Amino acid sequence: MLYTLTLYLHILSAIIATGPLFGIFPLLNRMQKAPDDQLQSYVIAIQGVLRAVANGGHVLVPTGLLLIWFGGWSFSSFWILATIVIMLCSLLFMARAFKPSMAFAQSDEFTKIRFIKMVKTATYQYILLMGILLWLMVDKPMLW
Ligand code: HEM
């Protein structure tokens, strides 16, 4: 029962940590055509999306650790180690890719085209990262 509930929360948080990212593309498309006085509201909307993604990530990690414990998985099994390493990279990535884009939006050098390009690239890369994690979770490859 506790295992099922934790797994449910884990999968729900995985959805929250990934799903909203797909909402960024239509926002960027609309931002491209928006007048200059509306640009900051798009930046705020994208920040909101990223906050939801980060909150999902904060629940993913503790529930994932609980599942390792409840399921009797070993920290030295390939898929668990790979997940933890990639998850740490994704936290670094959040800091290195999205935070500079948001800082850029507040800076004097801000240009719409460059901001859209930065956020689009970071979003594609983050989705790829979450896709790899999802594959590790579902397939649980054991290389050793
Ligand atoms: C620190 C990060 C994570 C850890 C330690 C972790 C750990 C685990 C563990 C131990 C299980 C249970 C496996 C089982 O007993 O069958 C699990 C299931 C699952 N995880 Fe994660 N996870 C993490 C991150 C993620 C991420 C980022 C995603 C999605 C992108 C994700 C999606 C899933 C899914 C969909 C399942 C269900 C798979 C199944 O039942 O076959 N997890 N996770």
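Only a predicted model underlies this, so the values are computations on that prediction, with no experimental measurement involved. Computation of the quantities below employed the complete heavy-atom set of this structure, encompassing side-chain atoms and omitting hydrogens, waters and symmetry-equivalent molecules. Indexing begins at 1, ligand by ligand and atom by atom, following the structure's order.
By the 6.0 Å contact criterion, NZ on Lys140 is enclosed, its count of non-hydrogen atoms from other residues, nucleotides or ligands being greater than 12.
The parts of Ile68 lying near ligand 1 are both backbone and side chain, judged by heavy-atom distances below 4.0 Å. Under 4.0 angstrom from ligand 1, the non-hydrogen atoms of Met87 all belong to its side chain. Heavy atoms of Trp135 found under 4.0 angstrom from ligand 1: none, in either backbone or side chain.
Using a 4.0 Å cut-off to heavy atoms of Leu7, the atoms of ligand 1 that qualify are 18 (C), 37 (C). Atoms of ligand 1 found under 4.0 Å from any heavy atom of Leu133, numbered from 1 in the order shown, are 27 (C). In the vicinity of Tyr3, heavy-atom distances shorter than 4.0 Å reach the ligand 1 atoms 12 (C), 13 (C), 14 (C), 15 (O), 16 (O).
Among the atoms of Thr63, no N, O or S atom falls under 2.8 Å of atom 21 (Fe) of ligand 1.
Note that CE of Met130 and CD of Gln125 are 14.5 Å apart. Values are rounded to the nearest 0.5 Å. In this structure, the separation between CD1 on Ile11 and CG on Leu60 is 10.0 Å, given to the nearest 0.5 Å. Residue Ser101 holds its OG atom at 11.5 Å from NZ of Lys117, rounded to the nearest 0.5 Å. The CD1 atom of Ile86 lies 11.0 Å from the CG atom of Leu81; values are rounded to the nearest 0.5 Å. Here CG of Leu50 is found 10.5 Å from NZ of Lys99. Values are rounded to the nearest 0.5 Å. A distance of 11.5 Å separates CG in Leu65 from OG1 in Thr6, rounded to the nearest 0.5 Å.
Note: Phe115 and Phe110 have tilted aromatic rings, judged against thresholds of 30 and 60 degrees for the angle between ring planes.
Among Leu65, Ile86, Val61, Leu67, the residue whose heavy atom lies nearest to atom 11 (C) of ligand 1 is Leu67. Distances from atom 29 (C) of ligand 1 to the heavy atoms of Ala14, Ser90, Ser77, Ala17 put Ala14 nearest. Taking all heavy atoms of Met130, Lys140, Met137 into account, the minimum distance to atom 34 (C) of ligand 1 is reached by Met137.
The nearest N/O/S atom of His10 to atom 21 (Fe) of ligand 1 is NE2.
The shortest N or O to N or O distance between Trp73 and ligand 1 is under 3.5 Å.
No donor-acceptor distance shorter than 3.5 angstrom exists from the side chain of Thr18 to the backbone of Ile15, with no hydrogens or angles considered. Formation of a donor-acceptor pair under 3.5 Å by the Lys112 side chain with backbone atoms of Gln32 is found in this model.
Taking atom 3 (C) of ligand 1 as the reference point, the nearest protein heavy-atom neighbour is Thr83 CG2, 3.5 Å. The closest protein non-hydrogen atom to atom 6 (C) of ligand 1 is Gly64 CA, 3.5 Å.
At least one heavy atom of Trp79 lies less than 4.0 angstrom from ligand 1.
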